[in-house]
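Structure record follows, encoded as structure tokens.
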Amino acid sequence: YVFTAGNPKWKRNNLTYRILNYTPKMRKADVDEAIQKALSVWSKVTPLTFQKVEDKEADIMISFAYRDHHDNSPFDGPNGQLAHAFQPGEGIGGDVHLDEEEAWTKDGRGYNLFIVIAHELGHSLGLSHSNDPGALMYPTYSYTDPNEFLLPQDDIDGIQAIYGQSSAAVQPTGPVTPQACDPHLTFDAITTLRGEIIFFKGRYMLRKHPARTKTELNFISLFWPKLPSGIQAAYEYVERDEVLLFKENKYWVLRGYDIAPGYPKPIYHLGFPKTVKRVNAAYSDETTGKTYFFVADRYWRYDENKKTMDHGYPKKIVSDFGKIGRVDAAFQKDGYVYFFHRTTQFQFDPRAKRIVRQMKSISWFNC
Amino acid sequence: FPVAPDEDEGKSLELVESYLEKFYDLQRDHQAHLRSKGKSPLSAKLKEMQEFFGLQVTGKPDLDTLEMMKKPRCGIPDVGQ
């Protein structure tokens, strides 16, 4: 996180805000709700309070503006600059301006008003741009489902360094952006995808292309806005150029790079009993056309051609794969299966039916 | 993922200059500094921007850098006032 130069801050904790005008692109109530939610992002982790006022000057004046709106920072039409805000202070200090020519929405289409205003309010309170790609105060727009939004730890640390902690008995914490070479890094799910390897972690995906040394970190929502964060299992079925992604008792199908219509569907369509509530990991064996699903200490085997679960399952993982513990994530590459259990990775040879190597979970990232 | 089409170099340079002017305090003093010997302010600012975004620091407007500059973003500068 970065403080704005000169460390400006509000001298009071009880601040006021006023909405000067509304965008015609959203219902007034949705704009109000987006702004209230954006303010609560910051009030939840600090002693700050925000009271809405009408018809008088407020600390934070929020307005939608066109192009040149007489503050020396003209907007540039659709896309590009979405909004800006002014550091704490009298007059224009603290004010938030939103570019009226953007497609403001309350969901993943266009630009989500809540996300943008929450970011701008960070400036109104004295924060500058952070270079943490997962931070709310990162300069570029990225969509997160407002219902899943948690203020990242980098932003919490920044705003509390200015205003102190909230009075909540338990201090709220936020998600930390995964670092590819963090030895403690664990994964929610892993799959291959047309020659690349995609590692899922929270709302992020780490993408490893065989021809690139660097690992790319992106939000899952950047590519698949309709997918939730926290994907729990994933596997690629190369024959059909599909990737299946699992969370709780639902699964989605990626055909190529796009989510196939009609998903998510219940995992029970694949033949799981109702007692199974979630899938921990999965991989598909290209040579046999069999897919292996790992749930707690057991595993199922699914026949991709018959599209049914094989009989005689579930079986104990340890009986057929050895001491690999609970499987967080798995994928197959070049005939070997890689099982991830916390920060440990096991390379399993399905022909010899034994573990042939043990590595660190981050071994794929050229650290 | 689809590979970006080839860029029109002139357009790219305009994008780079206006981005660095807006968000990285590049002073555009209209001298032909792009061709002058020694350190180019533009290249130095480009490196600053690439470092901020965790891109490869090349000082050149490579594809990753141009893609980052095209991303919708906040109008506040990343450095300075």
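These figures come from a predicted structure and were not determined experimentally. A note on names: the letters A, B, ... follow the listed sequences, proteins ahead of strands, and every chain is numbered from 1.
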To the nearest 0.5 Å, what is the distance between NE2 on A:H119 and CZ on B:R73?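 Between atom NE2 of A:H119 and atom CZ of B:R73 there are 7.5 Å.
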Using 0.5 Å steps for rounding, measure from the NE2 atom of A:H123 to the CD1 atom of B:I76.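 Spacing of NE2 (A:H123) from CD1 (B:I76) equals 5.0 Å.
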I need the minimum non-hydrogen distance between A:E120 and B:C74, along with the two atoms involved.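 Smallest heavy-atom distance, with atoms named: OE2-SG, 3.1 Å.
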Do any of residues 45-52 of chain B come closer than 4.5 Å to chain A, heavy atom to heavy atom, and if so which ones, in number order?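 If one takes a 4.5 Å heavy-atom cut-off, the residues of residues 45-52 of chain B near chain A are B:F52.
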CZ/A:R212: more than 12 non-hydrogen atoms of other groups inside 6.0 Å: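 12 or below, so no.
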Neighbourhood of chain B inside [range], taking heavy atoms under 4.5 Å as contact:
range                       : value
residues 63-81 of chain A   : A:G80, A:Q81
residues 126-142 of chain A : A:H129, A:S130, A:N131, A:Y138, A:P139, A:T140, A:Y141
residues 95-107 of chain A  : none

